[in-house]
Peer 1: 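I have a structure here, written as structure tokens, and I will follow up with some questions on it.
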Amino acid sequence: MDHVKSLRCLICGRTYAPDEVEYVCPHHGNEGILDVEYDYELIARRLNPDRLARDSDPTIWRYRPLLPVRPDSPVPPLTVGGTPLYRADRLAEALGLRHVWVKDDGRLPTASFKDRASAIAVVKGRERGAEVITTASTGNAAAALAGLCASVGQRNVIFVPQSAPPAKIAQLLVYGSTVLLVRGTYDDAFELCLKAAQAFGWYNRNTGYNPYMSEGKKTASFEICEQLGWDAPDRIFVPVGDGCIIGGIHKGLKDLLALGWIDRMPKLMGVQAAGSAALYDAWRSGTAALDMQPIAAYTVADSISAGLPRDRIKALAAVRETDGAYV
Ligand SMILES: *Cc1c(COP(=O)(O)O)cnc(C)c1O
Ligand SMILES: [Zn+2]
């Protein structure tokens with residue numbers, strides 16, 4: 001992984017070699033989320049838009065030199081990535097806009113965006129020779145990890161709060177996961193998952209904790225820009241719960257800008273449900289990510305329900321640094 005320079009703590013700015021720390025900056029408990037820093041000069045010698053145009057692989061692995069995995073690591077066989085970007089002309093007209101596109105990540109193997117991150121988790125877990133890969137989740141992140149693990153016969157253990165919807169638990173069981181129902185909340189499940197991973201040496205995929213999940217999610221911005229002929233859109237609207245997707249989209253755009261493959265940064269627009277608007281509130285009131293307090297989130301959109309978004313540092317930076325907005 002000579003193309004990965006370091007992991008930088010987004011709280012204190014300390015940097016670590018990629019093999020020095022596994023997940024978070026040791027100075028802030030579980031909160032010290034890390035950002036992966038790359039050697040763009042080296043990457044530019046390995047990959048460029050012309051080379052991509054000649055590559056027939058439609059999956060996220062076409063961007064492998066920009067991903068935090070070893071060049072020779074085997075990847076899951078499922079087609080993760082290469083989802084359609086549809087022109088939505090009638091929608092554009094109804095909104096009084098000239099161009100609107102819709103990126104359909106419901107087409108990914110387990111039917112959500114989370115496959116982009118879980119594909120990376122499976123590769124990282126296997127690079128480390130982990131016997132088990134684990135996560136805590138109430139929904140799509142668990143399904144994605146379970147599905148991607150199933151595709152390579154990788155053992156996995158999923159911690160879910162006992163209140164999780166039975167249909168989502170059924171999906172995990174169909175994929176052959178070991179599912180542990182935790183008597184408690186999502187946060188209790190998260191804590192138990194961390195402790196089990198530490199005690200048993202399992203590889204941990206948790207959102208807002210494992211620094212490589214944003215790196216998987218950033219592949220959507222690579223695809224969007226490549227599908228638009230490297231002409232970056234003005235704005236990208238992203239549904240936001242924990243904030244890992246919007247943080248990842250931002251990271252991908254920063255990569256492309258640093259490489260000179262796009263020439264401007266789109267404004268990022270975070271979309272939250274009215275009943276789960278912690279990041280919207282923080283953005284409006286100018287609150288720093290570390291000063292945010294948990295809210296009682298309630299929304300029927302269960303995939304974006306988050307009382308204290310785990311990836312709030314990256315999620316607020318995505319909107320503030322691009323002069324975007326939360327709605
Ligand atoms: C996870 C998820 C989101 C939100 O992603 P975050 O990284 O938690 O902000 C939005 N929509 C769907 C369908 C999801 O599964
Ligand atoms: Zn730190």
Side-chain angles (χ1 to χ4, degrees), residues 6-16 20-21 23-35 37 83 102-118 120-121 135-147 164-165 167-168 171 186 190 205-221 236-252 268-273 276-280 282-283 289-290 297 299-319 326-327:
S6 50
L7 302 173
R8 176 183 296 274
C9 172
L10 292 177
I11 297 178
C12 69
R14 285 185 180 87
T15 59
Y16 301 92
E20 200 178 344
V21 288
Y23 305 109
V24 288
C25 175
H27 292 86
H28 326 279
N30 295 333
E31 304 297 318
I33 183 89
L34 300 168
D35 184 38
E37 297 185 312
T83 58
V102 177
K103 181 77 170 153
D104 181 11
D105 263 28
R107 295 272 283 267
L108 290 172
T110 76
S112 90
F113 203 109
K114 303 294 191 293
D115 287 342
R116 295 182 184 274
S118 289
I120 303 280
T135 194
S137 165
T138 50
N140 293 336
L145 182 62
K168 298 232 156 141
Q171 191 180 7
Y186 169 62
F190 191 94
R205 180 232 182 267
N206 277 314
T207 297
Y209 181 75
N210 184 317
Y212 300 116
M213 297 306 93
S214 323
E215 300 300 308
K217 289 177 170 179
K218 77 182 182 182
T219 56
S221 34
I236 303 178
F237 290 78
V238 186
V240 180
D242 274 324
C244 185
I245 294 180
I246 197 168
I249 297 271
H250 185 211
K251 175 60 178 290
L268 292 182
M269 308 291 290
V271 183
Q272 293 214 284
S276 177
L279 287 161
Y280 167 83
W283 172 76
L290 293 177
T299 166
V300 292
D302 62 272
S303 301
I304 52 169
S305 182
L308 185 60
R310 298 228 167 239
D311 238 340
R312 55 196 178 279
I313 299 178
K314 290 182 184 176
L316 278 177
V319 163
Y326 271 96
V327 295

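Bear in mind the structure is a predicted one, so any value in this text is a computation, not a measurement. If you read the sequence from its start, that first residue is 1, and numbering goes on from there. Atoms within a ligand are numbered from 1 in the order they appear, just like the ligands themselves.
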Peer 1: Picking from Leu290, Val24, Leu34, what satisfies side chain to side chain contact (heavy atoms under 4.5 Å, CB included) with Ile11?
Peer 2: Leu290
Peer 1: So which protein heavy atom does atom 2 (C) of ligand 1 come closest to, and at what separation?
Peer 2: Lys114 NZ, 2.3 Å
Peer 1: Could you check atom 12 (C) of ligand 1 against the protein and tell me its nearest heavy-atom contact, residue, atom and distance included?
Peer 2: Ser303 CB, 3.6 Å
Peer 1: For Arg310, state whether at least one heavy atom is located under 4.0 Å from any atom of ligand 1.
Peer 2: no
Peer 1: Considering only heavy atoms of Val240, which atoms of ligand 1 have at least one such atom less than 4.0 Å away?
Peer 2: 9 (O)
Peer 1: Indicate whether the side chain of Thr207 and that of Asp242 have a donor and an acceptor atom separated by less than 3.5 Å.
Peer 2: no
Peer 1: Does ligand 1 have a heavy atom under 4.0 Å from the side chain of Ile304, from its backbone, from both, or from neither?
Peer 2: side chain
Peer 1: Enumerate the atoms of ligand 1 whose separation from the nearest heavy atom of Gly243 is less than 4.0 angstrom.
Peer 2: 6 (P), 7 (O), 8 (O), 9 (O)
Peer 1: How close do Pro211 and Lys314 get, counting heavy atoms only, and between which atoms?
Peer 2: O-NZ, 4.3 Å
Peer 1: For ligand 1, which atoms have a heavy atom of Cys244 less than 4.0 angstrom away?
Peer 2: 6 (P), 7 (O), 9 (O)
Peer 1: Determine the interplanar angle of the Tyr209 and Phe190 rings, folded into 0 to 90°, and report it as parallel if under 30°, tilted if 30 to 60°, perpendicular if over 60°.
Peer 2: perpendicular
Peer 1: Which ligand 1 atoms does Lys217 reach within 4.0 Å, using its non-hydrogen atoms?
Peer 2: 7 (O)
Peer 1: Of the side chain and backbone of Ile245, name the one, both, or neither that has a heavy atom under 4.0 Å from an atom of ligand 1.
Peer 2: both
Peer 1: For Thr299 and Ser276, which heavy atoms make the closest approach, and how far apart are they?
Peer 2: CG2-CB, 3.8 Å
Peer 1: How far is atom 8 (O) of ligand 1 from the closest protein heavy atom, and which atom is that?
Peer 2: Asp242 N, 2.8 Å
Peer 1: Does Arg116 count as lying over the ring of Phe113, i.e. NZ or CZ under 6.0 Å from the six-ring centre, within 45 degrees of the axis?
Peer 2: yes
Peer 1: Would you call the rings of Trp283 and Tyr280 parallel, tilted or perpendicular if under 30° counts as parallel and over 60° as perpendicular?
Peer 2: tilted
Peer 1: For the residue pair Asp115 and Thr110, confirm or rule out a side-chain donor-acceptor distance under 3.5 Å.
Peer 2: yes
Peer 1: Return a yes/no value for Asn140: is any of its N or O atoms, backbone included, closer than 3.5 angstrom to an N or O of ligand 1?
Peer 2: yes
Peer 1: Nearest non-hydrogen atom to atom 4 (C) of ligand 1 belongs to which of Gly241, Ala111, Ala144, Ser214?
Peer 2: Gly241
Peer 1: Among Ile33, Leu7, Asn206, Asn210, find the residue that satisfies the side chain to side chain contact (heavy atoms under 4.5 Å, CB included) test when tested with Tyr23.
Peer 2: Asn210
Peer 1: Between NE2 of His28 and SG of Cys25, what angle is found at the Zn ion (ligand 2), rounded to 10 degrees?
Peer 2: 110°
Peer 1: For the Zn ion (ligand 2), does an N/O/S atom of Cys9 lie at less than 2.8 Å?
Peer 2: yes
